[in-house]
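Quick note: numbers below take in every heavy atom, side chains included, and nothing from hydrogens, waters or symmetry partners. Below, chains carry the letters A, B, ... as their sequence lines are ordered, and counting in each starts from 1. What you see is a predicted model, and the numbers here were worked out from it, not measured in a lab.
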Protein chains: 2
Amino acid sequence: MRKTVGRITIKDVAEAAGVSVGTASRVINNKATVRPEIRSAVLSAIDRLDYQPNAVAQSMRRRSTQLVGCIIREINIPALAAFVRAAHDELDQAGYSLVISNSEGRRAREEELIHRFGRLQSDGMLLGPYTPVDPAYEKLLRGFGAPIVLFDRNEPEWADAVAADHAGSIDRATSRLLDLGHRRIAILTGNPLLFPAAERIRGYRRAFQRAGLAVDESLVRGTGFLAAEGFRNASSLLASAAPPTALISGGIDMLPGVLRAIRVRGLSIPDDISVVGSGDSELAELHTPPISVERWDMAETGRTAALLLLRRIGGERDTPPEHVLLPAEFVERASLAPPRQS
Amino acid sequence: MRKTVGRITIKDVAEAAGVSVGTASRVINNKATVRPEIRSAVLSAIDRLDYQPNAVAQSMRRRSTQLVGCIIREINIPALAAFVRAAHDELDQAGYSLVISNSEGRRAREEELIHRFGRLQSDGMLLGPYTPVDPAYEKLLRGFGAPIVLFDRNEPEWADAVAADHAGSIDRATSRLLDLGHRRIAILTGNPLLFPAAERIRGYRRAFQRAGLAVDESLVRGTGFLAAEGFRNASSLLASAAPPTALISGGIDMLPGVLRAIRVRGLSIPDDISVVGSGDSELAELHTPPISVERWDMAETGRTAALLLLRRIGGERDTPPEHVLLPAEFVERASLAPPRQS
DNA sequence: GACGAATGATGAAACGTTACATTGACCCGG
DNA sequence: CCGGGTCAATGTAACGTTTCATCATTCGTC
């Protein structure tokens with residue numbers, strides 16, 4: 001006798017099987033001992049009524065939602081989509097669902113989303129804050145009642161984190177440019193208070209230092225990861241009295257802006273200017289000429305982040321925070337050439 | 001006096017403000033009438049205790065989770081990411097969170113995810129089934145307790161749907177190829193039981209019919225949308241005795257496979273073969289030569305889907321299902337040329 | 001055949017909210 | 001001065017589970 005109104009609850013199942021709700025619950029979670037004949041009676045009732053446990057009620061009681069929040073800047077960036085995809089697979093396999101949200105890189109939205117995922121009682125969170133973590137932010141994160149894993153960030157340092165070795169790859173890229181004879185090498189990246197920007201600049205300086213050369217500070221621009229910033233900075237540099245002969249685009253989706261600035265100015269790659277991008281992409285690979293990039297495995301990043309998170313969720317609460325640094329390589333393509341003799 | 005164990009509940013707030021939980025609740029949901037001085041007492045307690053409502057408990061009681069499920073084949077496909085992004089924004093603005101999951105185009109996973117989102121009590125679902133909707137599937141969907149919006153699908157027909165006019169754009173593409181003198185035009189797409197495959201083939205046939213020409217059925221391949229299928233079909237066609245002089249890649253992420261098959265065979269575009277893709281992408285735009293495509297607005301698709309869903313969630317349950325057909329255009333690029341004289 | 005130990009099933013109390021029926025206080029008109 | 005009508009706040013019953021203490025039955029042992 002199917003109930004006509006409302007969904008089927010465990011109570012209906014118990015009634016149909018002629019047992020108590022408690023027993024029905026024990027069957028459903030196949031717990032402890034329950035007589036085989038009763039078990040099958042309950043299972044048949046479940047089948048007959050097409051019963052599905054109400055996850056909300058379960059979450060309420062078990063105090064675990066099997067939900068993981070993920071705050072990224074923009075799902076539309078292929079590299080981030082790859083990250084999400086890999087993390088999703090790992091979490092999904094462990095029975096967790098992924099709630100994603102785009103922060104658009106805005107502090108206010110990040111805060112709102114963190115609050116939202118807190119209210120949601122999500123069991124964990126993957127977070128790539130776009131704002132430097134000041135004390136207020138740190139407090140907000142500390143108040144989040146579940147484990148947090150950061151990606152491509154290293155603050156707050158008490159959270160687990162997965163990041164790529166930007167310093168290493170940009171060091172290699174810069175060295176290669178120096179070897180080719182470049183001296184005026186510009187690096188465009190985000191706020192140096194954020195890990196990937198700081199690291200890229202660190203690698204850049206390290207290469208100069210090793211070569212015994214001084215860095216021209218006017219060529220180091222840490223104002224923003226976005227394509228628009230890339231365009232702005234590249235444009236102004238290229239228009240200057242002593243324009244750079246090589247340009248490192250240090251943002252995961254900055255390259256389109258930089259390329260546009262170069263095109264607008266009528267320059268050609270690599271004859272007029274050498275270019276290095278950050279993060280491999282169809283754009284970099286298929287561009288004419290193909291653009292050299294620092295590359296790391298985004299899927300591996302996502303997997304690792306998910307695994308770290310699952311470990312914490314699984315109860316490992318008081319081992320020290322783990323900061324995984326994944327290798328990044330420098331992939332040379334046709335976008336590099338010696339500087340033009342002038 | 002901050003509780004040291006467990007989260008702060010509305011009970012703590014009520015206690016701290018010296019009112020009943022009912023009153024506290026009324027303040028929180030600023031409902032009905034509540035004396036200003038009491039309201040501010042409660043608000044100050046909330047502030048002091050840093051209280052956040054438990055969304056799980058709210059969902060339980062209100063019977064609404066503010067969660068929307070989204071099942072797509074693969075978030076990693078830029079076009080789908082754009083869809084998700086746009087839908088996300090619309091839903092987010094209305095206070096809903098988006099739970100996404102990748103079906104990998106596998107029926108079993110689709111079913112499992114639909115069940116999961118049902119158990120989750122999600123308030124709605126965005127769904128692009130990759131499997132033709134047979135009676136069993138239709139029953140599954142009918143049993144899902146919340147509104148469903150399909151994208152690029154038209155079945156089951158009782159669900160709202162948003163799709164692109166593939167028939168129109170592929171008709172134009174085919175016509176253009178016929179005008180250029182092509183007669184052996186192959187079309188590679190998915191299962192013709194699925195809307196976008198059926199529509200593309202329909203447009204293709206329509207163009208031939210208008211031109212008074214017969215379709216060579218051996219050139220119509222409706223075996224799968226994936227890049228691997230594209231590679232397989234393109235390879236076998238190109239290796240045949242009478243290979244096509246033009247090729248329509250009728251799947252949103254099939255193009256890489258098709259291009260690879262052409263490259264492997266050592267053919268050049270457009271001299272040896274003309275190519276049309278489905279859905280614009282960086283690959284199509286930046287390829288040498290750029291690939292012509294049928295193009296539609298993925299963001300608009302996502303927005304529309306979200307809006308349709310929100311309307312249903314908002315209570316409009318018994319207006320007839322809405323099937324929105326968004327325009328698709330044919331974008332001609334350098335991948336087209338007259339067939340080589342043989 | 002009685003007793004304790006297992007084994008299985010039950011009932012009710014949570015979980016944190018919201019909604020609804022109730023109560024209490026106060027005012028106003030007759 | 002009483003009755004009815006507002007307005008505000010309270011107390012409590014849900015929502016659908018799980019869990020835990022409790023109770024009932026069975027079984028083996030002496």
Given [N], is OP1 or OP2 found less than 4.0 Å from the side-chain N or O atoms of [X]?
| X | N | answer |
| --- | --- | --- |
| A/Arg35 | C/dA9 | yes |
| B/Ser25 | C/dT18 | yes |
| B/Thr23 | D/dT10 | yes |
| B/Arg63 | D/dC15 | no |
| B/Asn54 | C/dC15 | no |
| A/Thr9 | D/dG16 | no |
| A/Gln58 | D/dT18 | yes |

### Query
Distance from A/Glu322 atom CD to A/Thr304 atom OG1, nearest 0.5 Å?
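One gets 9.5 Å once the value is rounded to the nearest 0.5 Å.
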
### Query
Out of curiosity, B/Glu110 CD to B/Arg73 CZ, how far, rounded to the nearest 0.5 Å?
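One finds 10.0 Å between CD of B/Glu110 and CZ of B/Arg73.
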
### Query
Where the side chain of A/Ile10 is concerned, which of C/dC15, C/dT18, D/dT18 is the nearest nucleotide?
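Looking only at heavy atoms from C-beta outward on A/Ile10, the closest nucleotide is D/dT18.
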
### Task
Among D/dT18, C/dT18, C/dA9, find the nucleotide with the atom closest to the side chain of B/Arg61.
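Side chain of B/Arg61 sits closest to C/dT18.
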
Which whole-number value in Å describes the distance from [X] [atom1] to [N] [atom2]?
| X | N | atom1 | atom2 | answer |
| --- | --- | --- | --- | --- |
| A/Met60 | C/dA13 | CE | P | 16 Å |
| B/Arg62 | C/dG16 | CZ | C1' | 12 Å |
| B/Lys11 | C/dT18 | NZ | P | 15 Å |
| A/Gln66 | D/dT17 | CD | C1' | 14 Å |
| A/Asn30 | D/dT18 | CG | P | 12 Å |
| A/Asn29 | D/dC20 | CG | C1' | 15 Å |

### Task
Would you please indicate yes or no on a ring centroid separation below 6.0 angstrom for B/Phe83 and B/Phe151?
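Judged by ring-centre distance (under 6.0 Å), B/Phe151 and B/Phe83 do meet the cut-off.
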
#### Entry: Backbone N/O of B/Gln121 and side chain of B/Thr65: donor-acceptor pair under 3.5 Å
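A pair under 3.5 Å: yes.
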
### Message
Has A/Arg85 got a side-chain atom pairing as donor or acceptor with B/Glu74's backbone, closer than 3.5 angstrom?
### Response
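No, the answer is negative, given that no donor and acceptor are paired below the 3.5 Å cut-off.
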
### Query
Checking all strands, does A/Val19 fall into the base, sugar-phosphate, or nothing category for heavy-atom contacts under 4.0 angstrom?
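Counting heavy atoms under 4.0 Å across all strands, the contact made by A/Val19 is with sugar-phosphate only.
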
### Message
Using a heavy-atom cut-off of 4.0 Å across all strands, would you classify B/Ile38 as base, sugar-phosphate, or nothing?
### Response
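Sugar-phosphate contact only.
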
